[in-house]
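Worksheet for the structure shown next.
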2 protein chains.
Amino acid sequence: MERELLLLGLLRHNHMHGYELHEFINRDLASCTDLKKPTAYYLLDKMAAKGWITQTEEQEGSRPPRRVYQLTAEGEAAFQRLLRENLVAYHQARFAGDIGLAFVDALEPEEARTLLQRRRDTLAGELAATRHIPLHHGTLQLVIEHQIRHLKAELEWLDEVLGRLSVD
Amino acid sequence: MERELLLLGLLRHNHMHGYELHEFINRDLASCTDLKKPTAYYLLDKMAAKGWITQTEEQEGSRPPRRVYQLTAEGEAAFQRLLRENLVAYHQARFAGDIGLAFVDALEPEEARTLLQRRRDTLAGELAATRHIPLHHGTLQLVIEHQIRHLKAELEWLDEVLGRLSVD
DNA sequence: GGGCGCATGTAATGAGTTACATGATTGA
DNA sequence: TCAATCATGTAACTCATTACATGCGCCC
């Protein structure tokens with residue numbers, strides 16, 4: 001699974017704890033993935049059980065203790081394997097919004113335009129927000145760049161659809 | 001859920017049975033969604049239980065009997081509601097392939113290029129195949145058009161990434 | 001005679017989510 | 001003092017998948 005790859009990749013250079021990983025992913029990588037807290041803890045436990053990562057209890061002042069993870073040799077091997085698997089394969093994207101578009105002719109063009117205009121506004125907001133994400137180091141930045149390209153293309157596509165709905 | 005919307009939308013104009021729906025979706029809409037057979041039957045049962053659709057047993061010769069579904073008034077209402085819900089919202093796309101890209105600098109550029117070239121080949125094949133899907137009627141065709149646009153954009157993006165990997 | 005297509009399902013499993021629970025610290 | 005942040009988790013549930021099971025008809 002690519003979520004495990006993501007966690008391993010992040011833990012490779014920075015030893016982090018669950019809360020920190022969840023926070024990083026949902027703040028800086030939200031445009032690409034989302035990982036809920038229980039899922040993060042669940043995956044970390046699972047990978048620890050597989051021997052891919054080890055945990056060290058850490059305490060800072062009187063804060064809640066936290067479990068900081070780092071890769072083992074097997075973890076690094078798993079990372080290498082998952083990375084190559086991920087890179088060779090083309091992963092098809094599914095666009096949930098297309099199912100609505102497929103049946104948009106069931107509505108009056110005017111209502112359809114109003115609804116899609118709202119979708120467009122959200123999309124434009126998403127694009128603006130993604131443009132303001134601070135730069136990541138190394139190829140992590142590719143994820144953001146890809147998302148920005150995609151959002152721009154989606155905006156153009158939606159505008160074309162809106163245009164067609166006005167003409168028809 | 002958008003899968004229910006999809007099934008309702010298809011059943012609105014053509015009364016179909018489970019096998020037929022599954023076949024249509026996985027042949028003509030594969031670029032957009034996929035729906036496994038058990039999932040199709042499961043959803044149809046669920047929607048029948050909710051009173052959204054009714055089934056009529058049909059027999060053609062000595063073929064296995066089949067359950068042909070059609071929308072009820074509540075089904076039509078559900079369709080209208082789900083359609084509007086789907087159209088207003090922007091549904092974020094997640095690109096599983098980006099997680100590999102995020103860590104591609106863990107590999108030698110040469111190996112990375114080789115792996116991504118294979119991804120590119122699959123992608124190009126997907127684009128060619130999608131271009132040969134026969135036209136759908138009405139706005140169903142939008143789904144295919146969107147996918148073609150997306151695949152073209154992805155190809156350009158991958159080529160840029162490959163170019164950068166050669167330079168660095 | 002063997003395999004594929006038609007047509008339906010069940011059972012087990014997995015992945016991920018929501019909602020809930022805990023408890024200390026920090027800041028307004 | 002009240003809310004938010006830090007930090008971890010459990011339990012129940014949903015959605016969808018895989019693997020398995022059945023049985024007839026058609027074509028080579």
Side-chain angles (χ1 to χ4, degrees), chain A residues 1-8 11 14-27 29-30 32-50 52-53 55-69 82 86 91-94 96 99, chain B residues 1-8 10-11 14-27 29-30 32-50 52-53 55-69 82 85-86 91-94 96 99:
Chain A
M1 304 301 77
E2 61 268 0
R3 285 154 188 275
E4 295 187 339
L5 176 59
L6 176 60
L7 292 175
L8 290 175
L11 287 173
N14 309 304
H15 305 165
M16 298 160 95
H17 56 276
Y19 192 86
E20 206 179 351
L21 282 161
H22 166 257
E23 207 183 33
F24 177 76
I25 291 169
N26 286 271
R27 193 188 55 228
L29 257 36
C32 158
T33 314
D34 68 322
L35 188 73
K36 302 293 146 104
K37 265 186 281 185
T39 311
Y41 288 119
Y42 165 71
L43 287 175
L44 288 168
D45 281 353
K46 224 177 62 173
M47 293 199 293
K50 283 194 274 198
W52 291 3
I53 52 179
Q55 60 209 43
T56 323
E57 196 100 349
E58 233 183 44
Q59 186 113 25
E60 206 171 280
S62 54
R63 286 280 180 72
R66 50 201 199 185
R67 296 182 188 166
V68 179
Y69 294 94
L82 292 173
N86 183 283
H91 304 264
Q92 197 188 328
R94 325 127 62 214
I99 295 181
Chain B
M1 305 301 80
E2 60 268 0
R3 285 154 188 276
E4 294 187 341
L5 175 59
L6 175 61
L7 292 175
L8 289 175
L10 293 176
L11 286 174
N14 309 304
H15 305 164
M16 297 162 97
H17 56 276
Y19 192 86
E20 204 178 353
L21 283 161
H22 165 257
E23 206 183 34
F24 177 77
I25 291 169
N26 286 272
R27 192 189 53 228
L29 256 40
C32 158
T33 314
D34 68 322
L35 190 73
K36 303 293 146 110
K37 265 186 281 186
T39 311
Y41 287 119
Y42 166 71
L43 288 175
L44 288 168
D45 281 353
K46 223 177 64 174
M47 294 198 294
K50 281 194 275 198
W52 291 3
I53 52 180
Q55 60 209 43
T56 323
E57 196 100 350
E58 234 183 44
Q59 187 113 25
E60 204 170 282
S62 55
R63 287 280 180 72
R66 50 205 200 181
R67 296 184 188 166
V68 178
Y69 293 93
L82 291 173
E85 265 177 35
N86 183 284
H91 304 263
Q92 199 188 328
R94 324 118 75 206
I99 296 182

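So that the names make sense, note that chain A is the first sequence line, chain B the second, and so on, each numbered from 1.
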Atom-pair distance (CG on B:L6; C1' on D:dA16), nearest Å = 15 Å
note = Of B:G18 and A:E2, the one whose nearest nucleotide on DNA chain C sits closer to the 5' end is B:G18
B:Y19 side chain near C:dC6 phosphate (N/O to OP1/OP2, under 4.0 Å) = yes
request  = Could you tell me whether the side chain of A:W52 reaches within less than 4.5 Å of the side chain of A:E4, counting heavy atoms only?
outcome  = yes
ask   = Do side-chain atoms of B:H91 reach the backbone of B:N86 as a donor and acceptor pair under 3.5 angstrom?
value = yes
task = Take atom CG of A:D45 and atom P of C:dG16, then tell me their distance rounded to the nearest Å.
result = 15 Å
remark   = Here the residues of residues 35-43 of chain A within 4.0 Å heavy-atom distance, strictly under, of DNA chain D are A:K37, A:P38, A:Y41
request  = Tell me what B:E57 touches on the nucleic acid: a base, only sugar-phosphate, or nothing, going by heavy atoms under 4.0 Å.
outcome  = nothing
query = Who passes side-chain contact (heavy atoms from CB on, under 4.5 Å) against A:A48, sequence neighbours left out?
reply = A:I53, A:Q55
message = With a 3.5 Å distance limit and no angle check, can you tell me whether A:E20 reaches the backbone of A:H17 through a side-chain donor-acceptor pair?
response = yes
task = Give a yes/no answer on whether the side chain of A:R3 brings an N or O atom under 4.0 Å of OP1 or OP2 in C:dG16.
result = yes
inquiry  = Can you measure B:L21 atom CG to C:dT8 atom P for me and round it to whole angstrom units?
reply    = 9 Å
key: Test salt bridge (charged side-chain N to carboxylate O under 4.0 Å, His left out) applied to A:R3 - qualifying residues, sequence neighbours left out   = none
ask   = Do the side chains of A:L44 and A:L11 get nearer than 4.5 Å, heavy atoms only?
value = yes
query = Under the ring-ring contact (aromatic ring centres under 6.0 Å, His included) test, which residues partner A:F24, sequence neighbours left out?
reply = A:H136
query = Sequence neighbours excluded, which residues qualify as salt bridge (charged side-chain N to carboxylate O under 4.0 Å, His left out) partners of A:D34?
reply = A:K36
request  = Using five base pairs at each end, measure the axis-to-axis angle across the helix from C:dG1-D:dC28 to C:dA28-D:dT1 and round it to 10 degrees.
outcome  = 30°
query = Side-chain contact, heavy-atom cut-off 4.5 Å: A:L7 with A:I25?
reply = yes
task = Round to the nearest Å and state the distance from B:R67 atom CZ to C:dA7 atom P.
result = 13 Å
query = Across the strands shown, which category fits B:E23 at heavy-atom distances under 4.0 angstrom: base, sugar-phosphate, nothing?
reply = sugar-phosphate
note = Between CE of B:M1 and P of D:dT14 the distance, given in whole Å, is 12 Å
request  = Can you figure out which of C:dA15, D:dT8, C:dA7 approaches the side chain of A:H17 most closely?
outcome  = D:dT8
ask   = Starting at NE2 of B:H22 and ending at P of D:dA16, how long is that distance when rounded to a whole Å?
value = 14 Å
request  = Take the protein atom CG of A:L7 and the nucleotide atom P of C:dG16, then report the distance between them rounded to whole Å.
outcome  = 11 Å
task = Find the distance B:R94:CZ to C:dA15:C1' and express it as a whole number of Å.
result = 11 Å
